[in-house]
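See below for the structure under consideration.
Each chain gets a letter, A, B and so on, in the order its sequence line appears, and its residues count up from 1. Nothing here was measured: the structure is a model prediction, and the numbers come from that model.
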Amino acid sequence: MQRYEPAEIEPRWQRVWEEEGLYRASDDPEDTRPRFYALDMFPYPSGDLHLGHAEAFSGGDAVARFRGLQGHNVLHPIGWDSFGLPAENAAIKRGIHPKQWTYENIEQQARSFKRMGMSFDWTRRVQTSDPEYYRWTQWLFLKLFDMGLAYRKNAPANWCPNDQTVLANEQVINGFCERCGAAVVRKDLTQWFFKITDYAQRLLDDVDTLEEWPERVITMQRNWIGRSEGATVRFAVEGTDDDVEVFTTRPDTLWGVTFFVFASEHPLVPKLAELGGTSEEARALIHRLQATPLTNREQAESREGVRLGVHVVNPVNGERVPVFVAPYVLMEYGTGAVMGVPAHDQRDFEFAREHGLEIRVVIQPPEEERDAASMTEAYDHEGVMVHSGPFDGQRSPESIAKVAQWLEEQGLGRPAVTFRLRDWLISRQRYWGAPIPIIHCDEHGEVPVPEADLPVELPEDVDFRPGGESPLARHDRFVKTTCPTCGRDARRDTDTMDTFVDSSWYFFRYCSPGYEDGAFRREDVERWPVSQYTGGVEHAILHLLYARFVTKALYDAGMVPFVEPFARLMNQGQVIFGGASMSKSKGNIVEPMPLVERWGADSMRLTMLFASPFEDDIDWKLIAGDPDRRPGAHQWLGRVFAAVADSAAGGGDEPMELVRLTHRTIRGVTEDLERFRFNVAISKLMVLSNEMRQVLDAGGAARGAAEALVQMLAPLAPFAAEELWRAVLGHGESVHVSRWPGYDDALAAQETLTLIVQVDGKVRDKVEVPADADDARVLELAHASENARRAIGDREVAKEIVRAPKLVNLVTR
RNA sequence: GCCGAAGUGGCGGAACUGGCAGACGCGCCGGACUCAAAAUCCGGUUCCCCUCGGGGAGUGGGGGUUCGAUUCCCCCCUUCGGCACCA
């Protein structure tokens, strides 16, 4: 009998697969198979693969292999997101070059992927830190620059004092650096931005077309974009010729404005402070605010603020209202100034109470008199407009649009939409990234590097330790260049790009491997739209939003034929340990590769996929806490080996019941894999293998079941399936190029079923009946049931519910 | 606070369109094999009661619809995830 020895089997087939080139996607125009692009989020090379990779790629690979078996021409590529800060930090710590650290890790991960038996098309491998790749990342930058979607401006930015670089808003978590956890501070810097806000509406609208995305990701994207409808209104600043605009979602409350507040960074503030002869106190506050981090919540949640000593005029009623500066107003949202309506906005209410300002009710709740003096909180629900001039008696919120309309007619404002989404800050003051391909010329300003001169290579001999400015700025040979326009001395931009730029387009590059005349060919991308994207939910906003934006921009440039990059998205759950995420500091990290060496890649995959639904978290401690204990998956594979070997050896007729179960299993597993229900698919395979064992032990044959079982195992445990298919069942070709087994619905149907006999909805008996038993027959059987009769007792059956052949319910009352 | 997802045995989890709750696996218990152990195989395993035929309860809690609810509706509780002065 064949013993299951993964340590012997797996490396052997790994070599054979490589020699046979089994997993290459075909670009042959004669190839008429339907195409399937199975994309996995590419890894960051921070060391060897971790358990999260094992989980994600086990699922992604199962999908790719399953589609291949179903007759698709599958593109299943792999690459590395290999620029980025952690490489630099790790390199500094180890005293080596980031390049060395990165590429060693890539090679290690590549070996591990091969050891895991991933069905990657290695000929399409990309690494974002390769000049052949980032050449096109730079091209993308220039394309966006051409389109007016990349621009540079001086603005307060989130600065991480530890990593010594700016961060995108998306990378600041509650005021702390996403990567290192240091408190973020504010710094005024000239930075490059991508104008993602131009696409806010389209990014929001098209989210509705992503029917195959997880609901929670859709919701997160919507919330992040954060669309608000309302109006902008212009207030005149008394004593000047200046106007100041505010955005409000509640123009219906305009008659309740009793004060006005600026963000401290608002450009008008210095002028107004001077005009109002503002106190030392005000100056001190403004100064302090401008030195605090953008995202300092404690600051923002206070209701402090100071009068500037000037007034603005409410355009709807001509009233003068006092002007303040306060930290609760953010420069980044809306216009950086708000109108204060304390009666109907909680923040304004608190501010008014704090500073003794008038509270004026202009939306009267139904059935109830509200008066300002007794209010304990703002009223922000529906009601009737009062003290509102021409709008008295109108119902809010229906009146909001009417007021906005009216403002436009009166020339006081107009309906407006504001988004929470900010432009994407893409420049970084660190070394290990793609240089921004811009040359600064005194004469000609920001001049794009000519496409023919790309890539702007990242020099290796750089002192890359962070120092508050870009390390590249210290590298004279890099910096000094000539202006492409006038040929005079000029300076290269010394910032590098956010690595999310690298990863915003890598899935296009896979379609045109090695292409040297462009980032990709349009026809390749058209041929290979992503069919399935697999990866972690931690990218629900950042990466996915950026990739969607870049795809839309490239669509507008005529370079790709679709507006959404990923039709289907599947998020695997996280692998945690003992209820907590794994981390070095907790000392609970489990390395997958030693387990793969010990128990086999197939066991690792099956353990992962069987543990829970793919999108749910797996607590490794619960499912495989003891590394010395033989995993259940390994045990089962051993039983499968025995059963298949016995089936191959034995002859004779296969019992009809086993044939039927086989067909039923094929039908079920096919459906399950289509819906990524790997855990359920595996359980069905277990049922089939258990039944095979029974049949074999009773002296029956099971060859047909064995063949089907092995094929269905192929996407989930590819090495074991291959060994069984070729070495045990004696097939000449790989199971991975075999044709997914079909099923016959008639055979998949049960021959007999269990009839449930209920009395008053309670199960009283179970009777085996032929699958074609009709209503009369099952009713007869139900009445014949001893148990049912006893349950009925001397009562009368008032109603009979018959669902032949599955159920009869006899109702006595 | 707002948005989203989810609550089923000791554990991970099954259950098609409302029709056998707990598939499958882990763990545990018992047995076989063994001098013994490991490995392997076989059997049992929701809880309570029982005269061993069976009976009762049971899918976070409370209501409702229905012959029948893990599944549909309403209210509540809890957990997880995201966002959070966004004007």
Between the side-chain atoms of [X] and the base atoms of [N], is any donor-acceptor pair under 3.5 Å?
X: A:N809; N: B:C67; answer: yes
X: A:R227; N: B:C86; answer: no
X: A:K766; N: B:C20; answer: yes

Sub-3.5 Å donor-acceptor pair from the side chain of [X] to the main-chain atoms of [Y], do we have one?
X: A:T197; Y: A:D423; result: no
X: A:H266; Y: A:A337; result: no
X: A:S689; Y: A:M686; result: yes

Identify which nucleotide among [options] has an atom closest to any side-chain atom of [X], counting heavy atoms from C-beta outward.
X: A:R790; options: B:A87, B:G54, B:A5; value: B:G54
X: A:N679; options: B:A14, B:A84, B:A87; value: B:A14
X: A:D616; options: B:C83, B:G13, B:A14; value: B:G13
X: A:P613; options: B:G13, B:C42, B:G4; value: B:G13
X: A:L807; options: B:G19, B:A15, B:A87; value: B:G19
X: A:Q758; options: B:C67, B:G19, B:A5; value: B:G19
X: A:S228; options: B:G19, B:A87, B:C24; value: B:A87
X: A:S612; options: B:G13, B:C3, B:C67; value: B:G13
X: A:R347; options: B:A87, B:G12, B:G19; value: B:A87
X: A:N690; options: B:G25, B:G19, B:A14; value: B:G25

Hey, does the side chain of [X] come within less than 4.0 Å of [N]'s phosphate (OP1/OP2), counting only N and O?
X: A:T219; N: B:A5; result: no
X: A:R664; N: B:A23; result: no
X: A:R693; N: B:C41; result: no
X: A:K762; N: B:A57; result: yes
X: A:R677; N: B:A14; result: no
X: A:R222; N: B:G82; result: no

Give me the distance, rounded to whole Å, that separates [N] from [M] when you measure between the [atom1] atoms they each carry.
N: B:C74; M: B:G4; atom1: P; answer: 14 Å
N: B:A36; M: B:C47; atom1: C1'; answer: 38 Å
N: B:A69; M: B:G61; atom1: P; answer: 15 Å
N: B:A21; M: B:C2; atom1: P; answer: 39 Å
N: B:C24; M: B:A15; atom1: C1'; answer: 12 Å
N: B:C67; M: B:G18; atom1: C1'; answer: 12 Å
N: B:C26; M: B:C77; atom1: C1'; answer: 31 Å
N: B:G82; M: B:G68; atom1: P; answer: 43 Å

Base-pairing assignment for [N] (Watson-Crick or G-U wobble, both under 3.5 Å):
N: B:A84; value: none
N: B:A39; value: none
N: B:U51; value: none
N: B:U78; value: B:A6
N: B:A14; value: none
N: B:U46; value: B:A57

Is the closest basic N to carboxylate O distance between [X] and [Y] below 4.0 Å?
X: A:D208; Y: A:R222; result: yes
X: A:R347; Y: A:D345; result: yes
X: A:E691; Y: A:R693; result: no

Rounded to the nearest angstrom, tell me the gap between atom [atom1] in [X] and atom [atom2] in [N].
X: A:R803; N: B:G68; atom1: CZ; atom2: P; result: 13 Å
X: A:I618; N: B:G25; atom1: CD1; atom2: C1'; result: 13 Å
X: A:K621; N: B:G10; atom1: NZ; atom2: P; result: 20 Å
X: A:Y333; N: B:C83; atom1: OH; atom2: C1'; result: 14 Å
X: A:Q694; N: B:G43; atom1: CD; atom2: C1'; result: 12 Å
X: A:R639; N: B:A39; atom1: CZ; atom2: P; result: 13 Å
X: A:W224; N: B:G82; atom1: CH2; atom2: C1'; result: 10 Å
X: A:R630; N: B:C41; atom1: CZ; atom2: C1'; result: 12 Å

Glycosidic class, syn or anti, of B:G43 using a 90° window around 0: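 You should classify B:G43 as anti.
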Quick check on B:G56: syn or anti? Syn means the glycosidic torsion is within 90 degrees of zero.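 For B:G56, whose glycosidic angle is more than 90° from 0, the conformation is anti.
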For RNA chain B, whose closest nucleotide is more 5', that of A:M331 or that of A:E215?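 Result of the comparison: A:E215.
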5'-most by nearest nucleotide on RNA chain B - A:M339 or A:N787: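 Counting from the 5' end, the first nearest nucleotide belongs to A:N787.
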For the residue pair A:F260 and A:F235, does the interplanar ring angle fall in the parallel (under 30°), tilted (30 to 60°) or perpendicular (over 60°) class?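 Tilted, since the angle between the ring planes falls between 30° and 60°.
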Cation-aromatic face contact A:R360/A:W255, 6.0 Å, 45 degrees: no
Within 45° cone and under 6.0 Å: A:R303 NZ/CZ vs A:Y328 ring: yes
At 4.0 Å (heavy atoms only), tell me whether A:V329 reaches a base, stays on the sugar-phosphate, or touches nothing.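 Touches a base.
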